[in-house]
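Data block below; observations after.
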2 protein chains.
Amino acid sequence: MSTDVPAAMPKYYLLKTELLAAIAGEQPGTLIPTERALAEKYKTSRTTVRQAISELVAEGKLGRIQGHGTFVAPPKITHVRQLTSFSDDARNQGLRPDSQLLSLAMAKADIDVAAHLGLDDGAVVTRLERIRLIDGEPLAHEIAYLPGKLPRFKANLEKAGSLYAALTDVYGIHISDVEDTVETALAGPEEVRLLGIEMGAPLLVVHRLARDAAGVPVEWTRSTFRGDRFRFVSRVKSTT
Amino acid sequence: MSTDVPAAMPKYYLLKTELLAAIAGEQPGTLIPTERALAEKYKTSRTTVRQAISELVAEGKLGRIQGHGTFVAPPKITHVRQLTSFSDDARNQGLRPDSQLLSLAMAKADIDVAAHLGLDDGAVVTRLERIRLIDGEPLAHEIAYLPGKLPRFKANLEKAGSLYAALTDVYGIHISDVEDTVETALAGPEEVRLLGIEMGAPLLVVHRLARDAAGVPVEWTRSTFRGDRFRFVSRVKSTT
DNA sequence: CAACGTTATTGGTCTATGCCAATCTTGTGC
DNA sequence: GCACAAGATTGGCATAGACCAATAACGTTG
């Protein structure tokens, strides 16, 4: 045979490619045909259509709402993650960041938190849990642990406008060194509930350990970002 | 009713949770029961079992091989990504890195490459495509573009042991500033072929732009890492 | 005309089943 | 004993269909 047989390609992947081409250049929000209509049009089953659409949703190319339909998704947001905070960062890009306070309380450090903050197991820490929003849309879930008890923290946090601003301006805590760890994860029920995404959606999980000039840990945070809406940038300058 | 109805939970998610508990503490490589056996055991369909397993595979908890079975996967590798190269990073952690050269050739910069390297469209660039392996396992796919033509590059690359070492030691190109962009993506046929993963597996895609001390771009690279086996670390030190 | 309840539409989950493809096991023949 | 072929096992892909849940559209009613 002289004809080069193309690599065997799952049908759902062909469909995914066709859909991708079809939505190229469409305005975000534009509805695409229903799953049942696509199944008929492409002479396949709804299961196969859903598999194609599901991957496009996971990649942030499409979004879908039960009872409403499937639509072209808006582009990703680029988040420059440096020494800056989420809020400052978003504002620098002309976006409207917001926070929704889920809980703010004293807690006893579990083994994991204690280890990262260099505390004894069971030591008192401040636990701050928030949802981060941009332009009203929930995009990240964040739990921050700070060593010890910070007096009048809630009020100061609100006044300062951001966690880092409050730490610096009110408590004299200067962050001079951060270490971020980034990995992928899939959304479970909690993320589905808090971020309004679907089960199994890809996430970017960032763990941040911040230290002051003396190398003492001052913050340990776990942030969960929507993988379909975010992109991280980290800049590193050589000191040599 | 007094009983608090638990949040509606998909059956496949319950199964996923049970499987996760079942494999906790098992040795990597241990085979779990077959999909058909699990379907029968948990009184559900194979489709549902596959959905549960698929997510665990995507999270790097399980692996599977057609005709062989489904098994407990090895833990993630932490890849510390700073100004260092892939090879140096891995070696620093006591791992055995390797590269497989797919292609090394001169090419004309397309619009995207040209824009990032600050060149004219169609300018000559060196294109280096490699598979990165650790302990013999392919973990990343990388395409690097360098401005212009580098004499005897292939030989020097092999001798130096790493791209950055070659640039520095042989060509006198010193990287002083890098900007990494990290986002999620899903594996398509090419990644499946090159990395031996499955369709739709989560990936971490990193774009790196490296500059020399004068701010001139010297490298533009797109790296695709297996999301189930990697974790990135970035450290930032304040200069103030 | 506004408010409300009903109905149709659309995505979400799950079942049952068939066949294909890669791998492993077994058996046969030399 | 070894090599190879045949069969069994296991995951991969796809179909068809049922029912649920959220949303939107519509029509009735006050």
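A, B, ... follow the sequence lines: proteins, then strands. Residue 1 opens every chain. Being a predicted model, the structure only gives us computed values, none of them experimental. Side chains included, hydrogens not; waters and symmetry mates left out as well; all remaining heavy atoms used.
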Give the rounded distance in Å between these two atoms: [atom1] of [X] and [atom2] of [N].
{"X": "A/I32", "N": "C/dT9", "atom1": "CD1", "atom2": "P", "result": "19 Å"}
{"X": "B/Y12", "N": "C/dC14", "atom1": "OH", "atom2": "C1'", "result": "12 Å"}
{"X": "B/R50", "N": "D/dT10", "atom1": "CZ", "atom2": "P", "result": "14 Å"}
{"X": "B/K11", "N": "D/dA21", "atom1": "NZ", "atom2": "C1'", "result": "17 Å"}
{"X": "B/K16", "N": "C/dT13", "atom1": "NZ", "atom2": "C1'", "result": "16 Å"}
{"X": "A/L31", "N": "C/dG11", "atom1": "CG", "atom2": "C1'", "result": "12 Å"}
{"X": "B/L38", "N": "D/dT10", "atom1": "CG", "atom2": "P", "result": "11 Å"}
{"X": "A/Q51", "N": "C/dG12", "atom1": "CD", "atom2": "P", "result": "14 Å"}

Quiz item: Looking for any heavy atom pair under 4.0 Å, which part of the strands does B/T34 touch: base, sugar-phosphate only, or nothing?
Solution: sugar-phosphate
Quiz item: Does a side-chain N-to-carboxylate-O contact under 4.0 Å join B/E183 and A/K76?
Solution: yes
Exercise. Using a strict cut-off of less than 4.0 Å between a Lys/Arg side-chain nitrogen and an Asp/Glu carboxylate oxygen, indicate whether B/E59 and B/K16 qualify as a salt bridge.
Key: yes
Quiz prompt | Pair B/H141-B/E129, side-chain donor/acceptor within less than 3.5 Å | solution = yes
Quiz item: If we ignore angles and hydrogens, is there a donor and acceptor under 3.5 Å between the side chains of B/R130 and B/S103?
Solution: no
Looking only at side-chain N and O atoms, does [X] come under 4.0 Å of OP1 or OP2 in [N]?
{"X": "A/T70", "N": "C/dT10", "value": "no"}
{"X": "A/K43", "N": "D/dT15", "value": "no"}
{"X": "B/T48", "N": "C/dT15", "value": "yes"}

Quiz prompt | D/dG11 base / B/R36 side chain donor-acceptor hit below 3.5 Å | solution = yes
Quiz item: Donor-acceptor pair under 3.5 Å: do we get one between A/R46's side chain and the base of D/dG17?
Solution: no
Practice problem: Return the residues of residues 62-69 of chain B meeting this criterion: a heavy atom under 4.0 Å from some atom of DNA chain D. Order them by number, or give none. | Solution: B/R64, B/I65, B/Q66, B/G67, B/H68, B/G69
Quiz item: Within a reach of under 6.0 Å around CD of A/E40, are more than 12 heavy atoms found that belong to other residues, nucleotides or ligands?
Solution: no
Quiz item: Hey, which of these two, B/E35 or A/T44, hits DNA chain D nearer its 5' end, going by closest nucleotide?
Solution: B/E35
Quiz item: Within a strict 4.5 Å, meaning less than it, do heavy atoms of the B/E191 and B/T224 side chains meet?
Solution: yes
Exercise. Please tell me if the side chains of B/V57 and B/E198 come closer than 4.5 Å, counting only heavy atoms from C-beta onward.
Key: yes
